[in-house]
There are 2 protein chains.
Amino acid sequence: MAARKPSIQDIARAAGVGVGTVSRVLNERPNVAEETRAKVERVMQRLGYRPTFAARHMRTGRSQLFGFLTDQVTTTPFAHELIKGAQARARQADRMLMVIDADGDDRVREQAVANLIERGVEGIIYAAMFHHEVHVPAALHEVPTVLVDCYAVGRTFASVVPDEVRGGREATERLLADGHRRIGMVTNDVLATGYPAAVGRLEGYKEALAAAGVPFDEALLREGTGNADSGYGWAHDLLDADDPPTAFFFGTDRMAMGAYFAFAERGLTVPDDVSVVGFDDQHYIADALRPALTTIALPHAAMGRWAVDHLLTAPWGDDRPPLQRRLPCPIVERGSVGPVPTRAEGEEA
Amino acid sequence: MAARKPSIQDIARAAGVGVGTVSRVLNERPNVAEETRAKVERVMQRLGYRPTFAARHMRTGRSQLFGFLTDQVTTTPFAHELIKGAQARARQADRMLMVIDADGDDRVREQAVANLIERGVEGIIYAAMFHHEVHVPAALHEVPTVLVDCYAVGRTFASVVPDEVRGGREATERLLADGHRRIGMVTNDVLATGYPAAVGRLEGYKEALAAAGVPFDEALLREGTGNADSGYGWAHDLLDADDPPTAFFFGTDRMAMGAYFAFAERGLTVPDDVSVVGFDDQHYIADALRPALTTIALPHAAMGRWAVDHLLTAPWGDDRPPLQRRLPCPIVERGSVGPVPTRAEGEEA
DNA sequence: TGATTCCATGGAACTGATTCCACGAGAGTA
DNA sequence: TACTCTCGTGGAATCAGTTCCATGGAATCA
């Protein structure tokens, strides 16, 4: 029967050299005669040799592995972008990623961290799917950790999050730049949650208005849920008011999508009659709307990359306070913003 | 400074027992006196002991690890559902998943397989993001492998795919059940590709029509691209024809979404004036449309689960031809299908 | 020529678990 | 009493690599 996988000993014997020499060849170390190297490589090739990672790990103590743990239930498409970004950076450094979806279960999460530590991970990335404060398993303190799209209660871990405020400001500035002064805003969650994802975007909106000398008007603000229904409902509601907005800033693309349907029902065309900016850059929605949606992109891939990079480069166990990084959310111009309609034909005073 | 992590030797010494006994406690083996067990556990607790997985792996040869490798570029939100399903099943069996996004690069893919094998994975899941034939790295033959949402050229690997034909049939049957006889169909890719994802759904459409005694009408068929634009364009096109369809079956939810905009432009209401069924069940789209979209769900989570299950239970290296499993695509009823409109008011002959 | 340095090499020790064998004590049996 | 069996236990061997030390020969230098 198929002899078991050859080990480094087998290679050494077959090539008539010592194990040390084989190891040197394997790791492309200097001080090996070219001739010897070639011979050993030939034998490895012939026997179909593959090093056993576990043995190397055990001896060197290096697992070349990071854990990637998700918070909460993650039905969002965001997770994958995050993983891709993290993984791309990890590959550059010859590391692998162990992904665990904790699926909102605390026990699973604790267990996952324990498993990862037993597997000797060199660091753990703990990722949330929207920007908020989290309680993380205590065992994370045993190993270098970066929080993504969230932050811990006492800021005791390094973290990387989107710059929600600046994103909100840029969205609003984009509308202001086209002359809009009555800009409706629908938040992506109830403000009482205190989630930066909700509060921050609104703050950016206010900042932009202030900078442009436009007074903030409470009547143009609605607290949404992030869902399409909510966007649909509040769009109708805002348009029903006296002196309705000429433009909208929605805290999520999904709400913007709902709003598109409201506009269609009222016979309003985007961007001729009404301008819209979303938030999140959910590709499949923003691109598929007609016209495609101008929106603010959450830097998921960049956050994933940054997280791995930080684990790779930051010294572990020093005393300085953990880094709290904020990444910009670039605006993605598509086709949903236009100039303020000139109240010309068939206008109701 | 913090002494290095305690090993099983340290525990043995501290507890005044042999390493064998500690190992027995660790693995909950019999033949350990209750008193001894308690003592050892106390010491482990006190020293914060964690077993080193690499050592166990090396000695036992069991890595408790599966590889999860994705094909192509995967910007789709499908990947995550797949991973979640696979991971849920893996957790039940106390295994972990190493996820690698090959991102469409052949070299990365080869490298990834090599890495996974070196890490001693007990099996590899190779997942595509839509149902088609794939060329996989040769090294996959060295280890148990399951293909997901794709199949290999010579059917040399076990695979699990969606039952596209049956899905197409059910979508069409749903529309037939509400009395529709003129049903437009837009495929989700060019048929010349031969992709089961495209060809299969159409086949199901034809089967359903045949079973209902409705002759297939070439004039109601369009080859789409899967994108929203394509759905928008073909919806207009089909509605412009003589004797236009009263219902549509789109090969993707995104095309259905595009079509919604076409309907809105023509003043048609779903489902009163026109009925629609999509395919994929892309949650964020199907739920967010107004009315929400009735569609056929791709069984991503189920495929992920099945794949791991197969790796767990199927014997490796026997001679029987590898299993080719086909999983049903359940219909998800939302609100986009209604009865055929009675050509009552304002009808043009 | 003799001393020093450098290069190529072999192989023992080590990493941290599991496994298996040996052994002593106590219980059960004839 | 002598023999067997079972239970609880200790510890050496083992897994497959890396690392480090020792060694011999060639090259360099004074």
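Just the heavy atoms: all of them, side chains too, but no hydrogens, waters or symmetry mates, feed the values below. In what follows, chains are A, B, ... by sequence order, proteins preceding strands, each numbered from 1.
- Side-chain contact between A/M303 and A/L298: absent, with no pair of heavy atoms (C-beta onward) separated by less than 4.5 Å.
- At whole-Å resolution of the value, CG in B/N31 and P in C/dT19 are 14 Å apart.
- Here salt bridge (charged side-chain N to carboxylate O under 4.0 Å, His left out) pairs that include residues 113-139 of chain B, with residues two or more places apart or in two chains, are B/R95-B/E122.
- Residue pairs meeting the side-chain hydrogen bond (donor to acceptor under 3.5 Å, both in side chains) criterion with at least one member in residues 302-312 of chain B, sequence neighbours excluded: B/R89-B/D309.
- Within 4.0 Å (heavy atoms only), B/R37 reaches no atom of the nucleic acid at all.
- Scanning DNA chain D for stems, defined as runs of 3 or more consecutive Watson-Crick or G-U wobble pairs whose donor-acceptor distances all fall under 3.5 Å, gives the following ranges: C:1-30 with D:1-30.
- Backbone-only contact: A/G16 has heavy atoms under 4.0 Å from sugar-phosphate atoms and none from a base.
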Which atoms of nucleotides 20-22 of chain C (N or O only) lie under 3.5 Å from a protein N or O atom, and what are those distances?
none

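- Inter-residue side-chain proximity for A/L26 and A/M44 is flagged as met; some heavy-atom pair is nearer than 4.5 Å.
- Taking the six-membered ring for Trp and thresholds of 30 and 60 degrees, B/H300 and B/F78 have nearly parallel ring planes, at less than 30 degrees apart.
- Inspection of the A/D106 and A/H135 side chains reveals no N or O donor paired with an N or O acceptor under 3.5 Å.
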Each nucleotide N or O in nucleotides 13-17 of chain D that has a protein N or O under 3.5 Å away: list the pair and distance.
{"from": "D/dT14", "atom 1": "O2", "to": "B/R59", "atom 2": "NH1", "distance (Å)": "2.9"}
{"from": "D/dG17", "atom 1": "OP1", "to": "A/Y49", "atom 2": "OH", "distance (Å)": "3.1"}
{"from": "D/dG17", "atom 1": "OP1", "to": "A/T52", "atom 2": "N", "distance (Å)": "3.1"}
{"from": "D/dG17", "atom 1": "OP1", "to": "A/T52", "atom 2": "OG1", "distance (Å)": "3.3"}
{"from": "D/dG17", "atom 1": "OP2", "to": "A/I8", "atom 2": "N", "distance (Å)": "2.7"}
{"from": "D/dG17", "atom 1": "OP2", "to": "A/Y49", "atom 2": "OH", "distance (Å)": "3.3"}
{"from": "D/dG17", "atom 1": "O5'", "to": "A/Y49", "atom 2": "OH", "distance (Å)": "3.0"}
{"from": "D/dG17", "atom 1": "O5'", "to": "A/T52", "atom 2": "N", "distance (Å)": "3.4"}

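- Side-chain contact between B/H141 and B/T156 is present, with heavy atoms from C-beta onward closer than 4.5 Å.
- For the pair A/V99 and A/D101, the minimum side-chain heavy-atom distance is 4.5 Å or more.
- Of all heavy-atom pairs between A/V148 and A/L82, the closest is CG1-CD1, 3.8 Å.
- Taking atom CD of B/E34 as the reference point, atom C1' of D/dT9 lies 16 Å away to the nearest angstrom.
- Following rounding to the nearest Å, B/H57 (NE2) and C/dT19 (P) show an atom-to-atom distance of 14 Å.
- The side-chain heavy atoms of B/N27 and B/R56, taken from C-beta on, include a pair separated by under 4.5 Å.
- B/V17 comes within contact range of the sugar-phosphate backbone alone, with a heavy-atom separation under 4.0 Å but no base atom that close.
- Between B/R109 and B/D71 there is a salt bridge, since a side-chain N of the basic residue sits under 4.0 Å from a carboxylate O of the acidic one.
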Listed pairs, N/O of protein and of nucleotides 23-26 of chain D, under 3.5 Å:
none

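- Contact check for B/V17 versus B/K39: side-chain heavy atoms found under the 4.5 Å cut-off.
- Whole-Å rounding puts the A/E118 CD to C/dT15 P distance at 20 Å.
- Atom CD1 in B/I11 sits roughly 12 Å away from atom C1' in C/dG16 (whole-Å rounding).
- In this structure the side chain of B/M96 reaches within 4.5 angstrom of the side chain of A/L116, judged on heavy atoms.
- With contacts defined as side-chain heavy-atom distances shorter than 4.5 Å, the pair B/V134/B/Y126 qualifies.
- Residue B/T60 places none of its side-chain N or O atoms closer than 4.0 Å to OP1 or OP2 of C/dT18.
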